[in-house]
Amino acid sequence: MERRGSVYVTRLLPAPIMERLREICDYEVNAEPRPATREELLRGVRGRDAVLCLLNDRIDAEVYDAAGPQCRLFANYGVGYNNIDVPEAHRRGVWITNTPDVLNDATADIAWALLFATARRVAEGDRLMRSETFSWQPEFMLGMDITGRTLGVIGAGRIGRNFARKSRGFDMKVLYAGRRPSPEFEAETGGRFVPMDELLRESDFVSLHVPLTPETRHLIGERELGLMKRTAILINTSRGPVVDEGALVRALESRTIWGAGLDVFENEPDTAPGLSALDNVVMTPHVGSATVETRVNMGLVAVANIAAALEGREPPNLVRA
Ligand code: GLV
(Lines give C-alpha, C1' and ligand atoms only; values in the text may rest on other atoms or scores of the structure.)
Protein backbone atom coordinates (compact mmCIF):
# COMPACT_ATOMS: atom_id res chain seq x y z
CA MET A 1 0.00 0.00 0.00
CA GLU A 2 1.21 3.49 -0.81
CA ARG A 3 2.70 5.32 2.18
CA ARG A 4 0.49 8.13 3.45
CA GLY A 5 2.16 11.37 4.41
CA SER A 6 2.92 11.91 8.08
CA VAL A 7 1.89 15.21 9.67
CA TYR A 8 2.30 16.71 13.13
CA VAL A 9 -0.47 19.05 14.33
CA THR A 10 0.64 21.27 17.21
CA ARG A 11 -2.84 21.75 18.68
CA LEU A 12 -6.24 20.09 18.33
CA LEU A 13 -8.34 21.98 15.76
CA PRO A 14 -12.12 21.98 15.19
CA ALA A 15 -13.52 18.52 14.27
CA PRO A 16 -14.20 19.16 10.54
CA ILE A 17 -10.52 20.01 10.08
CA MET A 18 -9.30 16.90 11.88
CA GLU A 19 -11.72 14.81 9.76
CA ARG A 20 -10.41 16.28 6.52
CA LEU A 21 -6.85 15.73 7.69
CA ARG A 22 -7.61 12.06 8.45
CA GLU A 23 -8.69 11.62 4.81
CA ILE A 24 -5.38 12.79 3.41
CA CYS A 25 -2.64 11.70 5.83
CA ASP A 26 -1.57 10.02 9.04
CA TYR A 27 -1.21 12.56 11.78
CA GLU A 28 -0.26 12.96 15.38
CA VAL A 29 -1.78 15.83 17.32
CA ASN A 30 -0.95 17.58 20.57
CA ALA A 31 -4.32 17.04 22.24
CA GLU A 32 -3.44 18.91 25.44
CA PRO A 33 -5.56 22.00 26.19
CA ARG A 34 -2.45 24.19 25.85
CA PRO A 35 0.21 24.88 23.22
CA ALA A 36 2.84 22.22 22.64
CA THR A 37 5.89 22.82 24.82
CA ARG A 38 9.18 23.39 23.02
CA GLU A 39 10.22 19.80 23.82
CA GLU A 40 6.91 18.40 22.54
CA LEU A 41 7.23 20.47 19.39
CA LEU A 42 10.78 19.32 18.69
CA ARG A 43 9.79 15.71 19.35
CA GLY A 44 6.50 15.95 17.46
CA VAL A 45 7.93 17.27 14.19
CA ARG A 46 10.63 14.57 13.96
CA GLY A 47 10.46 12.63 10.69
CA ARG A 48 7.24 14.33 9.48
CA ASP A 49 6.47 15.29 5.91
CA ALA A 50 4.52 18.39 6.98
CA VAL A 51 3.55 20.26 10.14
CA LEU A 52 0.37 22.18 10.89
CA CYS A 53 1.39 24.88 13.38
CA LEU A 54 -0.20 27.79 15.25
CA LEU A 55 0.82 31.39 15.75
CA ASN A 56 2.15 30.67 19.23
CA ASP A 57 4.59 28.01 18.00
CA ARG A 58 8.04 29.45 17.30
CA ILE A 59 9.25 27.80 14.11
CA ASP A 60 12.98 28.30 13.51
CA ALA A 61 16.20 26.55 12.49
CA GLU A 62 16.10 24.27 15.54
CA VAL A 63 12.61 23.08 14.55
CA TYR A 64 13.59 22.55 10.88
CA ASP A 65 16.62 20.55 12.09
CA ALA A 66 14.42 18.48 14.39
CA ALA A 67 11.92 17.79 11.59
CA GLY A 68 14.55 16.62 9.12
CA PRO A 69 15.19 17.28 5.43
CA GLN A 70 12.14 15.29 4.22
CA CYS A 71 9.78 17.84 5.80
CA ARG A 72 8.37 19.92 2.93
CA LEU A 73 5.90 22.25 4.62
CA PHE A 74 4.99 24.19 7.75
CA ALA A 75 1.36 25.24 7.29
CA ASN A 76 0.51 28.05 9.71
CA TYR A 77 -3.06 28.18 11.02
CA GLY A 78 -3.41 31.96 10.72
CA VAL A 79 -2.69 34.72 8.26
CA GLY A 80 0.18 36.28 10.25
CA TYR A 81 3.43 34.32 10.20
CA ASN A 82 5.75 36.38 12.39
CA ASN A 83 6.19 33.22 14.51
CA ILE A 84 8.07 31.59 11.62
CA ASP A 85 11.63 32.14 10.40
CA VAL A 86 10.63 32.31 6.74
CA PRO A 87 14.08 33.18 5.26
CA GLU A 88 15.59 30.17 7.02
CA ALA A 89 12.81 27.94 5.66
CA HIS A 90 13.44 29.22 2.15
CA ARG A 91 17.19 28.62 2.47
CA ARG A 92 16.35 25.01 3.20
CA GLY A 93 13.71 24.66 0.49
CA VAL A 94 10.91 24.31 3.07
CA TRP A 95 7.51 25.70 2.11
CA ILE A 96 5.61 28.01 4.46
CA THR A 97 1.91 28.67 3.98
CA ASN A 98 -0.70 30.79 5.79
CA THR A 99 -4.50 31.13 5.70
CA PRO A 100 -5.31 34.44 3.98
CA ASP A 101 -8.72 35.74 2.85
CA VAL A 102 -10.99 33.41 4.84
CA LEU A 103 -10.52 35.57 7.94
CA ASN A 104 -10.81 39.02 6.36
CA ASP A 105 -14.42 39.55 7.44
CA ALA A 106 -14.05 38.18 10.95
CA THR A 107 -10.93 40.24 11.65
CA ALA A 108 -12.38 43.42 10.16
CA ASP A 109 -15.52 42.80 12.23
CA ILE A 110 -13.62 42.58 15.51
CA ALA A 111 -11.91 45.87 14.65
CA TRP A 112 -15.37 47.41 14.23
CA ALA A 113 -16.56 45.77 17.45
CA LEU A 114 -13.65 47.36 19.32
CA LEU A 115 -14.18 50.71 17.63
CA PHE A 116 -17.84 50.80 18.69
CA ALA A 117 -17.14 49.41 22.15
CA THR A 118 -14.44 52.01 22.80
CA ALA A 119 -16.23 54.99 21.25
CA ARG A 120 -19.51 54.23 23.04
CA ARG A 121 -17.96 52.87 26.26
CA VAL A 122 -19.81 49.55 25.92
CA ALA A 123 -17.53 47.47 28.18
CA GLU A 124 -17.43 50.17 30.83
CA GLY A 125 -21.23 50.42 30.75
CA ASP A 126 -21.54 46.65 31.03
CA ARG A 127 -19.23 46.62 34.07
CA LEU A 128 -21.24 49.42 35.65
CA MET A 129 -24.57 47.66 35.09
CA ARG A 130 -23.29 44.57 36.86
CA SER A 131 -21.88 46.37 39.87
CA GLU A 132 -24.03 49.41 40.65
CA THR A 133 -27.11 51.33 39.68
CA PHE A 134 -27.31 54.51 37.59
CA SER A 135 -29.52 57.51 37.07
CA TRP A 136 -29.84 58.96 33.57
CA GLN A 137 -28.01 62.28 33.31
CA PRO A 138 -27.20 64.60 30.40
CA GLU A 139 -23.47 64.16 30.76
CA PHE A 140 -23.31 60.58 31.94
CA MET A 141 -20.91 58.24 30.09
CA LEU A 142 -20.52 60.38 27.02
CA GLY A 143 -18.78 58.74 24.12
CA MET A 144 -17.64 59.76 20.67
CA ASP A 145 -19.63 60.11 17.46
CA ILE A 146 -18.75 57.62 14.73
CA THR A 147 -20.93 58.57 11.76
CA GLY A 148 -19.33 61.14 9.47
CA ARG A 149 -15.96 61.08 11.24
CA THR A 150 -12.52 60.40 9.73
CA LEU A 151 -11.23 56.85 9.71
CA GLY A 152 -7.47 56.31 9.37
CA VAL A 153 -6.43 52.86 8.17
CA ILE A 154 -2.76 51.91 8.44
CA GLY A 155 -2.04 48.97 6.15
CA ALA A 156 -4.04 48.67 2.94
CA GLY A 157 -3.97 44.90 2.55
CA ARG A 158 -6.91 42.53 2.46
CA ILE A 159 -8.07 43.06 6.04
CA GLY A 160 -7.50 46.83 6.08
CA ARG A 161 -9.46 47.15 2.85
CA ASN A 162 -12.33 45.04 4.16
CA PHE A 163 -12.42 47.08 7.38
CA ALA A 164 -12.41 50.38 5.47
CA ARG A 165 -15.12 49.24 3.05
CA LYS A 166 -17.42 48.52 5.98
CA SER A 167 -17.24 52.20 7.02
CA ARG A 168 -19.47 53.16 4.10
CA GLY A 169 -22.61 52.63 6.14
CA PHE A 170 -21.31 55.29 8.52
CA ASP A 171 -20.50 57.90 5.88
CA MET A 172 -16.92 58.15 7.03
CA LYS A 173 -14.07 59.90 5.31
CA VAL A 174 -11.30 57.33 4.83
CA LEU A 175 -7.58 58.07 4.90
CA TYR A 176 -5.03 55.33 4.51
CA ALA A 177 -1.27 54.94 4.82
CA GLY A 178 0.98 52.11 3.85
CA ARG A 179 4.02 51.26 1.80
CA ARG A 180 2.45 52.46 -1.43
CA PRO A 181 -0.91 53.67 -2.77
CA SER A 182 -3.37 50.90 -3.58
CA PRO A 183 -5.79 51.42 -6.49
CA GLU A 184 -7.93 48.51 -5.19
CA PHE A 185 -8.17 50.11 -1.79
CA GLU A 186 -9.21 53.42 -3.29
CA ALA A 187 -11.75 51.84 -5.65
CA GLU A 188 -13.40 49.90 -2.84
CA THR A 189 -13.33 52.48 -0.08
CA GLY A 190 -12.93 55.90 -1.64
CA GLY A 191 -9.94 56.29 0.68
CA ARG A 192 -7.15 58.84 0.14
CA PHE A 193 -3.48 57.84 0.49
CA VAL A 194 -1.64 60.17 2.89
CA PRO A 195 1.68 60.13 4.77
CA MET A 196 1.30 58.35 8.11
CA ASP A 197 1.87 61.51 10.17
CA GLU A 198 -0.95 63.27 8.33
CA LEU A 199 -3.23 60.30 8.93
CA LEU A 200 -2.42 60.37 12.65
CA ARG A 201 -3.11 64.10 12.89
CA GLU A 202 -6.38 64.03 10.92
CA SER A 203 -8.11 60.82 11.98
CA ASP A 204 -10.73 60.34 14.67
CA PHE A 205 -10.12 56.59 14.58
CA VAL A 206 -6.80 54.98 13.68
CA SER A 207 -6.91 51.25 12.95
CA LEU A 208 -3.83 49.09 12.40
CA HIS A 209 -3.79 46.37 9.73
CA VAL A 210 -0.10 45.75 9.04
CA PRO A 211 1.84 42.50 9.45
CA LEU A 212 4.48 42.40 12.18
CA THR A 213 7.91 42.82 10.56
CA PRO A 214 11.12 44.50 11.75
CA GLU A 215 9.84 47.68 10.01
CA THR A 216 6.45 47.69 11.75
CA ARG A 217 7.63 46.84 15.28
CA HIS A 218 6.64 49.85 17.44
CA LEU A 219 5.25 51.63 14.40
CA ILE A 220 3.04 53.42 16.90
CA GLY A 221 5.03 54.81 19.82
CA GLU A 222 5.15 57.95 21.94
CA ARG A 223 5.80 60.26 18.97
CA GLU A 224 2.94 58.86 16.89
CA LEU A 225 0.49 58.85 19.81
CA GLY A 226 1.47 62.46 20.41
CA LEU A 227 0.46 63.34 16.84
CA MET A 228 -3.04 61.91 17.28
CA LYS A 229 -6.00 64.07 18.31
CA ARG A 230 -6.77 64.12 22.02
CA THR A 231 -10.24 62.87 21.03
CA ALA A 232 -8.92 60.03 18.86
CA ILE A 233 -9.21 56.28 19.36
CA LEU A 234 -6.57 53.69 18.40
CA ILE A 235 -7.66 50.20 17.32
CA ASN A 236 -5.19 47.33 17.05
CA THR A 237 -6.22 43.94 15.67
CA SER A 238 -2.92 43.24 13.87
CA ARG A 239 -0.07 42.21 16.17
CA GLY A 240 0.70 43.57 19.62
CA PRO A 241 4.31 44.64 19.04
CA VAL A 242 3.18 47.03 16.27
CA VAL A 243 2.33 49.32 19.22
CA ASP A 244 4.72 50.30 22.01
CA GLU A 245 2.33 49.20 24.74
CA GLY A 246 4.15 51.07 27.52
CA ALA A 247 3.85 54.30 25.54
CA LEU A 248 0.18 53.55 24.90
CA VAL A 249 -0.51 53.12 28.62
CA ARG A 250 1.11 56.52 29.27
CA ALA A 251 -0.90 58.13 26.45
CA LEU A 252 -4.16 56.68 27.78
CA GLU A 253 -3.36 57.67 31.38
CA SER A 254 -2.51 61.23 30.40
CA ARG A 255 -5.40 61.43 27.94
CA THR A 256 -3.02 62.20 25.10
CA ILE A 257 -5.54 60.11 23.15
CA TRP A 258 -9.12 59.38 24.15
CA GLY A 259 -9.17 55.61 24.06
CA ALA A 260 -7.94 52.35 22.59
CA GLY A 261 -9.49 49.07 21.50
CA LEU A 262 -7.03 46.20 21.50
CA ASP A 263 -7.29 42.57 20.40
CA VAL A 264 -3.54 41.94 20.44
CA PHE A 265 -0.81 42.67 22.98
CA GLU A 266 2.92 43.06 23.00
CA ASN A 267 3.63 40.10 25.28
CA GLU A 268 0.55 37.91 25.03
CA PRO A 269 -1.13 36.78 27.18
CA ASP A 270 0.24 39.51 29.49
CA THR A 271 -0.61 43.18 29.22
CA ALA A 272 1.64 46.14 30.01
CA PRO A 273 1.56 47.32 33.64
CA GLY A 274 -1.29 49.76 34.16
CA LEU A 275 -3.27 48.84 31.03
CA SER A 276 -5.99 46.79 32.69
CA ALA A 277 -6.61 49.49 35.31
CA LEU A 278 -7.72 51.95 32.63
CA ASP A 279 -11.36 52.51 31.74
CA ASN A 280 -10.55 54.06 28.37
CA VAL A 281 -9.29 50.81 26.88
CA VAL A 282 -11.39 47.88 25.67
CA MET A 283 -9.56 44.59 25.35
CA THR A 284 -10.35 41.25 23.74
CA PRO A 285 -8.10 38.17 23.95
CA HIS A 286 -6.73 37.88 20.36
CA VAL A 287 -10.05 36.70 18.93
CA GLY A 288 -9.90 38.44 15.55
CA SER A 289 -10.57 35.29 13.56
CA ALA A 290 -12.51 33.51 16.31
CA THR A 291 -15.86 32.72 14.74
CA VAL A 292 -17.17 29.18 14.32
CA GLU A 293 -17.10 29.38 10.53
CA THR A 294 -13.82 31.23 10.16
CA ARG A 295 -11.83 28.91 12.40
CA VAL A 296 -13.05 25.92 10.37
CA ASN A 297 -12.32 27.64 7.07
CA MET A 298 -8.80 28.54 8.19
CA GLY A 299 -8.16 24.89 8.98
CA LEU A 300 -9.52 23.72 5.64
CA VAL A 301 -7.14 26.15 3.90
CA ALA A 302 -4.22 24.78 5.95
CA VAL A 303 -5.22 21.20 5.09
CA ALA A 304 -5.47 22.06 1.37
CA ASN A 305 -1.91 23.35 1.56
CA ILE A 306 -0.78 20.16 3.27
CA ALA A 307 -2.58 17.99 0.70
CA ALA A 308 -0.77 19.79 -2.11
CA ALA A 309 2.62 19.45 -0.45
CA LEU A 310 2.12 15.75 0.23
CA GLU A 311 1.35 15.25 -3.47
CA GLY A 312 4.50 17.16 -4.39
CA ARG A 313 2.52 20.12 -5.74
CA GLU A 314 3.25 23.73 -4.80
CA PRO A 315 0.75 24.68 -2.05
CA PRO A 316 -1.78 27.38 -2.99
CA ASN A 317 -1.01 29.78 -0.12
CA LEU A 318 2.77 29.98 -0.23
CA VAL A 319 4.40 32.73 1.78
CA ARG A 320 6.97 34.14 -0.60
CA ALA A 321 8.49 36.98 1.40
C1 GLV B 1 -4.39 35.66 13.73
O2 GLV B 1 -3.94 36.47 14.47
C3 GLV B 1 -3.87 35.37 12.42
O4 GLV B 1 -2.78 35.83 12.08
O5 GLV B 1 -4.55 34.68 11.68
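Counting convention: from 1, in listed order, for ligands and their atoms alike.
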Does [X] pair with [Y] as a salt bridge, N-O distance under 4.0 Å?
X	Y	result
Arg223	Asp197	yes
Asp204	Lys173	no
Glu40	Arg43	no

I'd like the contact residues of ligand 1, where contact means a heavy atom below 4.0 Å.
Leu55, Gly78, Val79, Gly80, Leu103, Arg239, His286

Which heavy-atom pair separates Ser238 from Leu208 by the least distance, and what is that distance?
CB-O, 3.7 Å

Within residues 68-80 or reaching into it, pairs that qualify as side chain to side chain donor-acceptor pair (under 3.5 Å) - sequence neighbours excluded:
Asn76-Asn83

A side-chain contact here means heavy atoms from C-beta on lying under 4.5 Å apart; do Asp60 and Glu88 qualify?
no

